[in-house]
Protein chains: 2
Amino acid sequence: MARPTPEAPVLPLDTIMSGDCVAAMNALPENSVDLIFADPPYNLQLRGELHRPDNSMVDAVDDHWDQFESLKAYDHFTDRWMKAAHRVLKPDGAIWVIGSYHNIFRVGASLQDRGFWILNDVVWRKTNPMPNFRGKRLTNAHETMIWASKSESSKYTFNYEAMKAANDGVQMRSDWTFPLCTGHERLKNARGEKAHPTQKPEALLHRLLVATTNPGDVVLDPFFGTGTTGAVATMLGRHFIGIEREEEYRQLAAERIAKVRPLEREALETTTSKRAEPRVPFGQLVERGMLRPGEELRSGNGRHRAKIRADGTLTGDGVKGSIHQVGAAYEGAPSCNGWTYWHFRREGKSVSIDTLRQQIRDEMVKMN
Amino acid sequence: MARPTPEAPVLPLDTIMSGDCVAAMNALPENSVDLIFADPPYNLQLRGELHRPDNSMVDAVDDHWDQFESLKAYDHFTDRWMKAAHRVLKPDGAIWVIGSYHNIFRVGASLQDRGFWILNDVVWRKTNPMPNFRGKRLTNAHETMIWASKSESSKYTFNYEAMKAANDGVQMRSDWTFPLCTGHERLKNARGEKAHPTQKPEALLHRLLVATTNPGDVVLDPFFGTGTTGAVATMLGRHFIGIEREEEYRQLAAERIAKVRPLEREALETTTSKRAEPRVPFGQLVERGMLRPGEELRSGNGRHRAKIRADGTLTGDGVKGSIHQVGAAYEGAPSCNGWTYWHFRREGKSVSIDTLRQQIRDEMVKMN
DNA sequence: GGCTCCGGTGAATCTCGCC
DNA sequence: AGGCGAGATTCACCGGAGC
């Protein structure tokens with residue numbers, strides 16, 4: 001762990017803070033966590049979960065149910081924790097919030113109003129939802145998660161290749177199918193009852209954290225409950241900070257997380273995207289003699305050709321410029337990836353120049 | 001049609017009103033329509049051009065009607081049309097609104113603020129969404145629909161048994177899977193281009209109207225576009241009132257609806273009986289238009305025939321029920337596999353309906 | 001006629017780092 | 001902070017052409 005400095009104050013990593021989540025978040029340094037996962041109370045009628053701005057409890061349910069008063073109270077509650085969450089998040093950080101139709105529209109609107117930039121809404125499709133017993137509506141078989149960056153310009157983390165690989169080689173969609181948390185995964189309290197009414201499945205957090213964090217990142221969960229976020233973060237080599245008001249939940253979560261064995265470093269490595277690999281200038285291929293100045297390149301479709309010049313640019317048909325510029329000019333396209341566009345001949349075969357770039361990158365890896 | 005009285009003023013049934021939807025709705029009598037389906041502008045806020053990896057350009061939704069100065073301006077627009085919608089809706093009426101993450105949270109919050117009572121949020125899962133071409137986010141593969149009654153105490157319409165029957169004997173869930181509107185269903189304008197950038201699939205409206213209206217009900221669509229709501233309502237024996245500002249859309253919608261052949265009365269009756277529980281929803285074949293309500297099926301031996309109803313059940317010779325029940329009744333057998341028993345005609349040939357089920361299963365496999 | 005191949009396209013808030 | 005240039009990036013389906 002780095003020594004505390006004014007620039008990098010100590011974070012209570014891998015611990016569970018007690019008390020109100022707003023106060024706890026405000027006790028953390030600003031711009032300090034990479035990701036927030038928030039599973040706030042859904043049910044507008046669970047008034048015990050709600051607090052007024054002055055932190056007093058909202059009155060208990062009485063005979064006269066005023067839904068507008070309750071919506072207002074819920075909005076206040078949302079504004080308070082979301083403001084604190086915004087403050088503690090790094091500029092390039094992101095937030096996930098999960099909810100149902102009771103609260104998610106208010107949460108989503110608040111996120112936008114506060115300047116968060118929505119990246120996706122993701123639907124958790126439950127394979128085994130609770131049926132609608134009265135037969136008066138559709139079976140409520142999903143919940144909604146909103147993924148948003150701190151601002152429109154945030155450079156948020158998204159492990160595209162990892163998600164694509166996990167989805168059999170095609171892009172991961174915005175609908176995720178998982179069963180509810182049941183069986184042995186479902187935590188029991190000392191009385192043998194289910195410990196928490198809305199414990200989320202670890203599979204959900206697993207995908208979410210692999211998608212939008214990197215190993216070593218700090219994940220904050222202001223409504224920690226029985227600590228699913230902490231358990232999965234620990235397993236995946238991410239740090240967590242939990243906040244939970246209820247002593248019983250904190251206790252259960254701590255015991256649960258203590259049993260988690262982190263995955264080995266090797267298992268945590270995800271498919272690297274090409275974007276993350278070091279840049280190799282085309283000129284280096286010429287400098288190293290992998291390609292000769294004067295040698296001719298052809299487009300993959302065989303329709304165009306160009307000559308390599310000593311400075312690593314191409315020329316042909318009156319066009320000069322980088323491998324990308326000449327390719328784009330030939331194709332009349334706004335842009336072109338010259339690395340995959342151009343080919344050269346070796347031993348009678350047509351080979352993409354990208355294979356030469358890959359050779360250089362492999363050498364660079366070996367040197368580390 | 002009933003004679004106009006002070007209690008039941010004349011409604012412009014089965015017509016398309018022109019002009020601004022707020023003014024048009026305010027010109028209608030209050031408390032007069034059974035259902036509203038609203039597909040308002042999404043306020044996409046697209047920035048620049050987007051190209052596919054093959055350098056072709058994506059045809060963006062950059063129409064003037066989707067441009068708003070700010071979130072505040074969009075909220076103002078939403079408040080205005082929603083207030084007018086609330087007024088024109090019967091006390092026991094309901095509303096559907098469809099949107100994406102750009103606007104749906106604001107729409108949902110506005111619905112709640114105005115006293116609408118959310119019954120479900122429904123996810124339209126697209127089997128064939130547009131990919132995320134830059135690999136920067138999850139593929140945006142769904143849209144969200146909110147179903148809400150006018151007030152908490154509204155006695156809204158929900159054809160539970162029809163939905164259950166269409167879902168092959170188990171409760172209909174809140175996630176609906178349909179392809180985008182493409183191919184011949186997609187309307188073209190006089191110039192041969194797609195007539196409207198956001199035409200919704202008829203299958204979506206089919207399920208929605210069967211679920212939450214009865215034959216003879218009045219369905220209002222304040223953002224009529226090319227009239228999918230009117231076409232499906234007409235086919236299903238519901239009245240529609242459309243409102244559309246653009247002359248070209250009104251013209252195309254009118255031509256489209258004029259071609260619709262309403263289903264026979266018998267095909268429209270919704271199921272009230274319980275059914276056995278088979279595995280793959282026959283109703284989906286109807287919703288998707290693979291089989292047409294009113295179309296005749298014949299038994300493989302050619303001795304029996306039955307007609308398809310809009311909710312995915314069959315009727316004939318005084319028998320009503322699932323494909324299995326009707327087959328069993330005809331054969332005097334205790335049970336019958338309707339999937340292999342029933343056949344339909346395509347291009348002069350007799351084809352088992354099981355081939356259609358297989359098509360859907362193939363899609364489902366591909367989606368997981 | 002049937003099959004394969006190929007081009008087109010869909011409500012999309014769709015790059016990043018250096019100078 | 002804005003401009004510039006490198007270079008990374010797509011899935012399911014429909015329909016027409018061609019064989």
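These numbers come from the heavy atoms of this one structure, side chains and all, not from hydrogens, waters or symmetry mates. Every chain is numbered from 1 and lettered A, B, ... according to where its sequence line falls, protein lines coming before strand lines.
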Look at the side chain of [X] against the base of [N] and say whether a donor-acceptor pair falls under 3.5 Å; ignore hydrogens and angles.
{"X": "A/Ser273", "N": "D/dA8", "value": "no"}
{"X": "B/Arg52", "N": "C/dG10", "value": "yes"}
{"X": "B/Arg137", "N": "C/dT13", "value": "yes"}

field: Of A/Tyr160 and A/Ile323, the one whose closest DNA chain D nucleotide lies more 5'
entry: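 The residue mapped nearer the 5' terminus is A/Ile323.
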field: Whichever of A/Val170 and A/Pro334 has its nearest DNA chain D nucleotide further upstream toward 5'
entry: A/Pro334
task: Would you check if B/Tyr101 stacks with the base of C/dT13, given a 5.5 Å centroid limit and a 30° plane limit, both strict?
output: no
For [X], which contact category applies under a 4.0 Å heavy-atom criterion: base, sugar-phosphate, or nothing?
{"X": "B/Gly48", "value": "base"}
{"X": "B/Asp59", "value": "sugar-phosphate"}
{"X": "A/Ile118", "value": "base"}
{"X": "A/Thr340", "value": "nothing"}
{"X": "B/Asn103", "value": "nothing"}
{"X": "B/Pro40", "value": "base"}
{"X": "A/Pro281", "value": "nothing"}
{"X": "A/Lys164", "value": "sugar-phosphate"}
{"X": "A/Glu161", "value": "sugar-phosphate"}

Contact under 4.0 Å: B/Thr182 side-chain N or O vs D/dC14 OP1/OP2: no
query: When you check the phosphate oxygens OP1 and OP2 of C/dT15, does a side-chain N or O of B/Arg134 lie under 4.0 Å from one of them?
result: yes
How many whole angstroms separate atom [atom1] of [X] from atom [atom2] of [N]?
{"X": "B/His102", "N": "C/dT13", "atom1": "NE2", "atom2": "C1'", "value": "4 Å"}
{"X": "B/Met130", "N": "D/dC14", "atom1": "CE", "atom2": "P", "value": "18 Å"}
{"X": "A/Leu285", "N": "D/dG7", "atom1": "CG", "atom2": "P", "value": "11 Å"}
{"X": "A/Glu331", "N": "D/dT9", "atom1": "CD", "atom2": "P", "value": "19 Å"}
{"X": "B/His51", "N": "C/dC14", "atom1": "NE2", "atom2": "P", "value": "14 Å"}
{"X": "B/Asn140", "N": "D/dT9", "atom1": "CG", "atom2": "P", "value": "20 Å"}
{"X": "B/Leu71", "N": "C/dT13", "atom1": "CG", "atom2": "P", "value": "15 Å"}

Please determine, for the side chain of [X], which listed nucleotide ([options]) has the closest atom?
{"X": "A/Asn337", "options": "C/dA11, C/dT13, D/dT9", "value": "D/dT9"}
{"X": "B/Lys136", "options": "C/dT15, C/dT13, D/dT10", "value": "C/dT15"}
{"X": "A/His324", "options": "D/dA6, D/dC13, C/dA11", "value": "D/dA6"}
{"X": "A/Arg279", "options": "D/dA6, C/dG10, C/dA12", "value": "D/dA6"}
{"X": "A/Gln325", "options": "D/dT10, D/dG5, D/dG7", "value": "D/dG5"}
{"X": "B/Asn132", "options": "D/dA8, C/dC14, D/dC14", "value": "C/dC14"}
{"X": "B/Asn128", "options": "D/dG7, D/dC13, C/dC14", "value": "D/dC13"}

message: Show the nearest heavy-atom pair for residues A/Pro334 and B/His51, with the distance to one decimal.
response: CG-NE2, 3.6 Å
query: Looking only at heavy atoms, which two atoms of A/Ser154 and A/Pro91 are closest? And how far apart?
result: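 Reported closest heavy-atom pair: OG-O, 2.7 Å.
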task: Decide if atom CZ of A/Arg303 counts as having more than 12 heavy atoms of other residues, nucleotides or ligands within a radius under 6.0 Å.
output: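 Check fails, neighbour count at 12 or below.
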Looking only at atom [atom1], what distance separates [N] and [M], rounded to whole Å?
{"N": "C/dA11", "M": "D/dG15", "atom1": "C1'", "answer": "23 Å"}
{"N": "D/dA8", "M": "C/dT9", "atom1": "P", "answer": "27 Å"}
{"N": "C/dC14", "M": "D/dA12", "atom1": "P", "answer": "23 Å"}
{"N": "C/dG1", "M": "D/dG16", "atom1": "P", "answer": "14 Å"}
{"N": "D/dT10", "M": "C/dC16", "atom1": "P", "answer": "15 Å"}
{"N": "C/dG10", "M": "D/dT9", "atom1": "P", "answer": "24 Å"}

query: Without hydrogens or angle criteria, can the side chains of A/Asp354 and A/Gln358 be said to hold a donor-acceptor pair below 3.5 Å?
result: no
- request: Report the C-alpha distance between B/Trp65 and B/Phe223 in whole Å, list the side-chain angles of each, state the deciding distance to 0.1 Å, and finish with yes or no for ring pair (Phe, Tyr, Trp, His ring centres under 6.0 Å).
  value: CA-CA 11 Å; B/Trp65 46 255; B/Phe223 307 98; 9.4 Å; no
query: Near DNA chain C, which residues from residues 186-198 of chain B have a heavy atom under 4.0 Å away?
result: B/Arg186, B/Lys194, B/Pro197, B/Thr198
How many angstroms lie between [atom1] in [X] and [atom2] in [Y], if you round to the nearest 0.5 Å?
{"X": "B/His142", "Y": "B/Thr177", "atom1": "NE2", "atom2": "OG1", "answer": "12.0 Å"}
{"X": "A/Arg298", "Y": "A/Trp342", "atom1": "CZ", "atom2": "CH2", "answer": "11.0 Å"}
{"X": "A/Ile36", "Y": "A/Leu89", "atom1": "CD1", "atom2": "CG", "answer": "4.5 Å"}

- line: Per the 3.5 Å Watson-Crick/G-U criterion and a run length of at least three, the stems involving DNA chain D are C:2-10 with D:11-19, C:15-19 with D:2-6
task: On DNA chain C, check which nucleotide each of B/Gln45 and B/Asp54 is closest to and give me the residue with the more 5' one.
output: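 Mapping each residue to its closest nucleotide by heavy atoms, the 5'-most match is B/Asp54.
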